[in-house]
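Since the structure comes first, as structure tokens, the remarks are kept for the end.
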Amino acid sequence: MKKLVIVTLGTSLLFAGASCNKDILDENPQSITTPSFLGTPQGIEAGVTGVYSGLRQIYGNDAAFFSTEAGTDLWTNGISSSSGLNDYNPNDLTPANATSTSFLWQVCYQQINNANGVLQYSATVQGMDPARLKQLVAETKLLRATYYFLLVRHFGDVPLMLSFIDAPTKDISRAPQAEVYNAIIADLTDAMNNIADKPAQPGRVTRATSLHTLAKVYLERATSTAKQGDDYANAAKFAKELIDNQSRYGLGLEADPATVFAEGNENGKEVIFNAQFNGDASFSRIDGFTFGGENIAAFNFHSRYDILPNMTRDINYGRPFARHSLTHYLEDAYILRDANGNALETQTQLRTTDARYSKWFTTVYLVNSPGANGGSASAVAGDTSIWYPGRELPAAVLTRIANRKPVAYRVFQPSQYTTEFFPTLNKFDSRNRTSFQGFSTRPNIVYRLAETYLIAAEAYFYLGNSTQARDYINVVRRRAAASGKATQMEITANRINIDFILDERARELCGELTRWYDLKRTGKLIERVKLYNPPITRLATGIYGSNAAINIKDYHVLRPIPQTEIDRTGGKITQNTGY
């Protein structure tokens, strides 16, 4: 691993930006290969930008979504899988084959060592404004904590390296989670006390990022082997501080859920942290198959439409990777229910009180190519072509659709969902691409203020204050309400439990790289996968479901340590139980 770290450090500097314009955190390739360059003003700017560059690899590719959303209660098999993460296949999810999580390990340690280099050489920088240097150091510590936080959640005990490695070594072993969490909290605390309130340009981390991340870290540590008695109190404290002072940081909830993910608003007022992307293949590794720097969030949750009558692939509807098919649990989570779980909506009224489903899922496709795929030349462009009604339709309605003029359209009821055909999550849709095969350059939102409210709610629930938890959740739910229905969306304190909190996180954050962590943190991964990830069913329309509920075991709350890391250290890095 050390040789790899050294090589990638040089690569990061080679492609890191020596300057940033006022509009975006950008890269400007430089021919730089020696670590001592970090001791110059230009070098430390380039080095910090290099540490940021890893975010593109962590928060935008297949590995990102397979390692955080697949194999949960929200998403079941799409038309392809990755390393057994979707169904816990014991033949695929192995130390040698788990390519997605192995890639995350590799990228995190590359960027951690890059960060260590920046921090080491920052002490020798001459000719730089002290305030600017202080800001860069704070940003670097926050980013290093971010990479370690990902590692400790996936792998548990991990090597803790806080010094720059500039020579090959095999003397590496795993540190207890307690030490790793202490290092993460120390970095975040230092960053919080020294970093700017607002970003100098989009993509930069801020004091708000520190507060939100600290709250998440304490919430996560509270159920780990490293837990401390004041973890929930600290999670509540930092989340509350951010919520109470959100205007200081230029933050606030968007009034409309649709606005949160509107194209062009990725740096909007609700966004606390995001990963920036660009379309320059010279340093972004934009090929789509190596977990590089491309952004494929727009495609991961898209179902097939391009093989159905009167449809063709286009920029508007996107490139349908169809990696993740939503579960019936996720779709039905948007149905308004009473305290006993009974539906308060039926038939055409389903999911009309909570507006998030209608705004964040595409359920209707319009004809874009009359006659294509065995369709009819009589079809009218812009007319309905595909409909996912979200309910089983009466026979009379199906007959009327079948006899519709000038042509019928295709209907997929919930009982007909497959690995290819299902309602599409549209949070990441990208219509500004230059071609229908092209990758998105939209920034991906990683943390946003609505989650801060849900973190605070969970922390206060565990502290025994369900009233405060209710109030935070109701802020999010009222924002999610359809016009005139805010009161119906409000809940009472007696409904607050961890399952309701997880349900609310599902409704608000589905697809946003959080779910596997949520289920693991709350001890609900095994239970909820078995309850809600449907078994494989063969239908006339195809195959739906996965073997996740059959295959998942207790030890799957951690990922396998990459076999290459064990081999490179002669076994000093040990394997997680079960693999």
For the aromatic rings, using the six-membered ring if either is Trp, is the centroid distance between Tyr218 and Tyr232 under 6.0 Å?
no

Looking at His154 versus Tyr517, is the centre-to-centre ring distance below 6.0 Å?
yes

If you look only at pairs with a residue in [range], which of them pass as a ring-ring contact (aromatic ring centres under 6.0 Å, His included), with sequence neighbours excluded?
range            : result
residues 556-575 : Tyr88-His556
residues 246-267 : Phe261-Trp360
residues 172-201 : none

Please step through side chain to side chain contact (heavy atoms under 4.5 Å, CB included) for the pair Ile185 and Leu214, ending with a clear verdict.
CA-CA 7 Å; Ile185 290 169; Leu214 271 168; 4.3 Å; yes

Residue pair [X] / [Y], side-chain heavy-atom distance below 4.5 Å:
X      : Y      : answer
Glu139 : Gln135 : yes
Arg505 : Glu451 : yes
Leu242 : Leu251 : yes
Glu565 : Ile172 : no
Lys524 : Asp518 : no
Phe238 : Ile455 : no

Check ion pair [X]-[Y] (N to O, under 4.0 angstrom):
X      : Y      : result
Lys227 : Asp231 : no
Arg56  : Glu294 : no
Glu504 : Arg507 : yes
Glu508 : Arg479 : yes
Asp157 : Arg174 : no

Pairing residues for [X] by the side-chain hydrogen bond (donor to acceptor under 3.5 Å, both in side chains) criterion, not counting sequence neighbours:
X      : result
Asp429 : His302, Arg431
Ser83  : Thr99
Asn86  : Asn77
Glu254 : Asn265

Going by the side chain to side chain contact (heavy atoms under 4.5 Å, CB included) test, name the single residue among Leu104, Ile184, Ile112, Leu160 that passes it with Leu151.
Ile112

Where do Glu69 and Arg323 land on the salt bridge (charged side-chain N to carboxylate O under 4.0 Å, His left out) test, with the steps shown first?
CA-CA 10 Å; Glu69 296 292 339; Arg323 297 285 196 254; over 6 Å; no

Mutual orientation of the aromatic rings belonging to Tyr148 and Tyr109 [parallel < 30°, tilted 30-60°, perpendicular > 60°]
perpendicular

Aromatic rings Phe299 and Phe439: how do their planes relate, parallel, tilted or perpendicular, breaks at 30° and 60°?
tilted

Counting only N and O atoms by type, is there a donor-acceptor contact under 3.5 Å from the side chain of Gln246 to the main-chain atoms of Ile243?
yes

For Ser163, is there any backbone N or O sitting under 3.5 Å from a side-chain donor or acceptor partner on Asn116?
yes

Start with the C-alpha distance between Thr564 and Ser102, add both sets of side-chain angles, then the distance that settles side chain to side chain contact (heavy atoms under 4.5 Å, CB included), and finish with yes or no.
CA-CA 9 Å; Thr564 52; Ser102 294; 5.9 Å; no

In chain order, what residues pass the ring-ring contact (aromatic ring centres under 6.0 Å, His included) check against [X], with sequence neighbours excluded?
X      : result
Tyr121 : none
Tyr460 : Tyr472
Phe428 : Phe65

Quick one: is the NZ or CZ of Arg559 closer than 6.0 Å to the six-membered ring centre of Phe155, and within 45° of its axis?
no

Relative to Trp516, does Arg521 satisfy both conditions: NZ or CZ under 6.0 angstrom from the six-membered ring centre, and within 45 degrees of the ring's axis?
no

So salt bridge (charged side-chain N to carboxylate O under 4.0 Å, His left out) across residues 103-113, not counting sequence neighbours, yields none

Residue pairs fulfilling salt bridge (charged side-chain N to carboxylate O under 4.0 Å, His left out) with at least one residue in residues 143-152, sequence neighbours excluded:
Arg144-Asp187

Among side-chain atoms of Asn444 and Asn274, is any donor-acceptor pair under 3.5 angstrom?
no

Trace of the side chain to side chain contact (heavy atoms under 4.5 Å, CB included) decision for His324 with Phe66
CA-CA 9 Å; His324 310 284; Phe66 274 117; 3.6 Å; yes

Hey, mind stepping through Thr72 and Arg528 against side chain to side chain contact (heavy atoms under 4.5 Å, CB included) and telling me if it holds?
CA-CA 7 Å; Thr72 66; Arg528 281 190 163 238; over 6 Å; no

